[in-house]
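Accompanying notes for the structure given below.
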Amino acid sequence: MSCRPSLCAGGRMNRDVLKRYSLFIAGLVFTALFAVLGWLVSPWFLTGLVVAAPLAALGVRDWRQTRWTLTRNYPVAARIRWLALSLRPYLRAYIVEGDREGKPFDMRARNLIHARARGFNDTIPFGTELDTASGEYEWLGHSMEPANDPDRNPRIDIGGPQCGRPYNASVFNISAMSFGSLSGNAIEALNLGAAKGGFYHDTGEGGISPYHLRHGGDLVWELGTGYFGCHDGEGNFDPGAFAEKARMDQVRMVEIKLSQGAKPGHGGMLPGAKVTEEIAETRSVPVGETVISPNSHPAFSTPVELLEFAARLRELSGGKPVGVKLCVGQIHEVLAVMKAMLKTGILLDFIVVDGGEGGTGAAPKELSDRVGMPLTDGLVTVRNALVGTGLRDEVSLAASGKVFSGAGLARNFTIGADWCNAARAFMFSIGCIQAQRCHLDTCPTGVTTQDKGRQRGLVVDVQGPRAARFHAKTVEALTEILGAAGLTHPRELKPHHLVHRIGESDAASIDQVHDFLALNALLDAPEETIYADWWEAASADSFRAQIPLDPQGSRAPMKAAAD
């Protein structure tokens, strides 16, 4: 027997409504039921209202509100989805993901760092879990005559011929992380680790806080576009305020931040809610006001002006090494800095290359994912720029970006780095669990929050030594690799030591995968290098390209910006 269409449709509609409103209706029914039973049978039934009444009230609220479509159509029930979404990252990280699937650091990497920081066994049984036929696989070549006595504490002298107070640094150090992005306890723990382990601690662009100074660990003072701690209140560089801090014995080098891998070409922002009295004092800004760093430096706008600013900082600091940190973007701009050094005779003491895979507490997704050159490509580019212009012996080169192991250090040394910096790896060493709540001020381990209650979980005297232990064990792993390769110091690692898999059947040393320029190649015959067009486009007097780099365009020089 068939039913009329209108009745069937009505039946389906009623069933759909019942399904969508089931939890809401259950809340109403049980609220009424427990109230009646509590009145007529026993007051004990009223205890059921503790669950039923809030459920009914929540359903009424969801049904009446207009902000969220799902909760309006599925009162109460839609909130189960919210719960699942909020728990998803944690369930995935601890239950679903394989040891090598997590991003940006997989469980294998995090476990290695935690084991070394805590002094646990960091060896593995039964062989590698890596796919050695994968196109991403690399290996370091060992020697038939291993070295028995590699340098157990390898260090590097930083400071060119124009530097009066060179610095002898560890080959592995803490990369830039600001007070404000990190909690005071985290900064203090990292600096305690640096002091105990004999390596340096980069302040990040947020200035030098009391927590950086409490344990006496070596500091590299990073100057971003906001000049925090040394600006005049209008955003301009204040030489007097800079000199006062830069001449402190604990400050060993000064680093001009041009860009960072996680958000290259983007100024920083610290929400006013996070600008506490301590942060305001450190950054010389008003309490409670949002702090915005400009995209570019007010103190210079050309390669020559950049070098003149660096020379001024070197003089104001009393002759300490001054360098730059950048994520490589447009290659002609890197070459422009080389041309400026050749033209003026003013040398940078060092260049830190930050890879596009670098991290930060908060960054626009598009910039983090798609802007900026990855570390390998950027390191090769700057290495070639320095070698090709004959400046490599005067300017030291560092690598920063997702480094956490002795093998990672060795890899960067083969490409040309003198030392390496790490940020997130040292965060893991003091308790970070990659909860990725940095931008919400709700970090569960107290590392990236200004909430005093959450910071309480991070005990400086416990976590500081763990940072030092992680450093020591990682450098020890590096020296084991050096010994296996028949070498005694990381500077002896060369491109031929690193082999990269190309497909499943072929492999080549890294200098066959990437072009490595010969000494003075850009001076002697730039037209014969892969950088020919970029070299011609580079100018010591401008960061802008001097010829069109569009292959369809004219090779005639571009008009000056003033035209």
Side-chain angles (χ1 to χ4, degrees), residues 155-159 163-224 226-231 237-238 241-257 260 278-279 281-284 310 313-314 316-325 348-352 354 396 398 400 418-423 425-427 429-430 460 463-465 467-468 470-471:
R155 303 184 72 83
I156 181 75
D157 289 323
I158 307 171
C163 172
R165 297 177 62 182
Y167 174 55
N168 182 250
S170 170
V171 295
F172 187 38
N173 303 280
I174 301 173
S175 191
M177 293 181 284
S178 300
F179 172 52
S181 296
L182 265 59
S183 69
N185 283 15
I187 293 291
E188 191 176 340
L190 290 171
N191 196 258
L192 175 59
K196 286 182 172 293
F199 51 98
Y200 78 64
H201 179 190
D202 192 312
T203 65
E205 65 176 307
I208 303 173
S209 73
Y211 301 103
H212 287 102
L213 302 174
R214 194 158 291 169
H215 297 285
D218 288 351
L219 295 176
V220 171
W221 186 7
E222 181 180 88
L223 291 188
Y227 306 132
F228 296 124
C230 60
H231 63 79
F237 176 70
D238 183 340
F242 171 79
E244 180 181 356
K245 295 182 177 68
R247 288 176 179 263
M248 293 189 298
D249 290 340
Q250 197 173 336
V251 176
R252 308 306 295 267
M253 301 197 298
V254 178
E255 177 181 279
I256 304 168
K257 175 190 168 184
Q260 68 182 94
E278 289 180 317
I279 293 172
E281 182 178 355
T282 297
R283 298 195 178 204
S284 304
L313 297 183
R314 191 157 46 212
L316 290 169
S317 69
K320 294 178 180 178
V322 176
V324 299
K325 181 183 83 172
L348 296 170
D349 292 300
F350 63 89
I351 297 175
V352 178
D354 202 17
S396 298
S400 174
D418 293 312
W419 80 93
C420 296
N421 295 335
F426 277 102
M427 287 171 61
S429 76
I430 62 169
V460 172
Q463 302 298 341
F470 163 65
H471 171 273

Between NZ on residue Lys257 and NZ on residue Lys325, distance to nearest 0.5 Å: 5.5 Å
Is there a side-chain contact between Ile279 and Ser209 in this structure, where contact means two heavy atoms from C-beta onward sitting under 4.5 Å apart? no
With a 6.0 Å cut-off (strictly less than), is the heavy-atom count around NZ of Lys196, excluding the residue itself, greater than 12? no
Show every salt bridge (Lys or Arg N to Asp or Glu O under 4.0 Å) that has at least one partner inside residues 167-176, sequence neighbours left out. none
Starting at SG of Cys163, measure out to CE of Met253 and round the result to the nearest 0.5 Å. 9.5 Å
Whether Lys245 side chain and Cys230 backbone form a donor-acceptor pair below 3.5 Å: no
Where the side chain of Arg165 meets the backbone of Gly319, is there a donor-acceptor pair that is under 3.5 Å apart? no
Let me confirm one number: the CD1-CD1 distance from Ile256 to Ile351, rounded to the nearest 0.5 Å. 11.0 Å
Asn191-His201 side chain donor-acceptor pair, cut-off 3.5 Å: yes
Please report the C-alpha distance between Asn168 and Ile156 in whole Å, then the side-chain angles of each, then the deciding distance to 0.1 Å, and finally whether the side-chain contact (heavy atoms from CB on, under 4.5 Å) criterion is met. CA-CA 6 Å; Asn168 182 250; Ile156 181 75; over 6 Å; no
If only atom types and distance count, is the side chain of Ser396 paired as donor or acceptor with the main-chain N or O of Phe350 below 3.5 Å? no
Looking at Asp349 and Lys320, is any side-chain nitrogen of the basic one under 4.0 Å from a carboxylate oxygen of the acidic one? no
Under 3.5 Å donor-acceptor, Arg247 side chain and Leu316 backbone: yes
Sorted by chain and number, sequence neighbours left out, side chain to side chain contact (heavy atoms under 4.5 Å, CB included) with Ala186 holds for Leu182, Ser183, Ile430, Val447, Leu458
Assess the residue pair Val324 and Val352 against the criterion (side-chain contact (heavy atoms from CB on, under 4.5 Å)); give the C-alpha distance rounded to whole Å, side-chain angles, the decisive distance to 0.1 Å, and a yes or no. CA-CA 6 Å; Val324 299; Val352 178; over 6 Å; no
Any sub-3.5 Å donor-acceptor pair from His471's side-chain atoms to Gly193's backbone N or O? no
Cation-pi check, Arg252 to Tyr167: give yes when NZ or CZ is under 6.0 Å from the six-membered ring centre and within 45° of the ring axis, no otherwise. no
Any non-hydrogen side-chain atom of Trp419 less than 4.5 Å from a side-chain atom of Asn173? yes
Aromatic plane relationship, Phe242 with Phe237 - under 30° parallel, 30 to 60° tilted, over 60° perpendicular: tilted
How far does CD1 of Ile187 sit from NE2 of His215, to the nearest 0.5 angstrom? 11.5 Å
Exam field: side chain Asp218 to backbone Phe199, donor-acceptor pair closer than 3.5 Å: no
Tightest non-hydrogen contact, residues Gly229 and Ser284, listed as CA-OG, 3.9 Å
When you check the side-chain N and O atoms of Glu278 and Tyr211, is any donor under 3.5 Å from an acceptor? yes
Residue pairs passing the salt bridge (Lys or Arg N to Asp or Glu O under 4.0 Å) test where at least one lies in residues 173-189, sequence neighbours excluded: Glu188-Arg214
May I ask you to test the Asp238-His231 pair for a side-chain heavy-atom distance under 4.5 Å? no
For Ile158 against Ala169, the heavy-atom pair lying closest together: CD1-CB, 3.7 Å
Within the distance-only criterion (no hydrogens, no angle test), does the side chain of Ser181 pair as donor or acceptor with the backbone N or O of Met177 below 3.5 angstrom? no
Does the pair Phe172 and Tyr200 meet the rule for a side-chain contact (heavy atoms from CB on, under 4.5 Å), with working shown? CA-CA 8 Å; Phe172 187 38; Tyr200 78 64; over 6 Å; no
List the atom of Leu192, the atom of Pro465, and the distance in Å for their closest heavy-atom pair. CD2-CD, 4.0 Å
Approximate separation, where rounding is to 0.5 Å, of Asn185 CG and Gln463 CD: 10.0 Å
What's the shortest heavy-atom distance between Ser178 and Gly206, and which atoms? OG-N, 2.9 Å
Mind running side-chain contact (heavy atoms from CB on, under 4.5 Å) on Val251 and Ile208 for me, showing each step along the way? CA-CA 9 Å; Val251 176; Ile208 303 173; 3.8 Å; yes
Tightest non-hydrogen contact, residues Leu313 and Leu223, listed as CD1-CD1, 3.9 Å
Would the distance check show the side chain of Gln250 and the main-chain N or O of Gly217 forming a donor-acceptor pair, the cut-off being under 3.5 Å? yes
Closest approach of Ser170 to Gly198 (non-hydrogen atoms, all atoms of both residues): CB-O, 3.8 Å
Strictly distance-based, threshold 3.5 Å: is any side-chain N or O of Glu222 a donor or acceptor partner for the main-chain N or O of Thr203? no
Is a side-chain donor or acceptor of Asp202 paired with a backbone partner of Ile174 at a separation under 3.5 angstrom? no
Give, for atom CG of Asn421 and atom OG of Ser400, the distance between the pair rounded to the nearest 0.5 Å. 5.0 Å
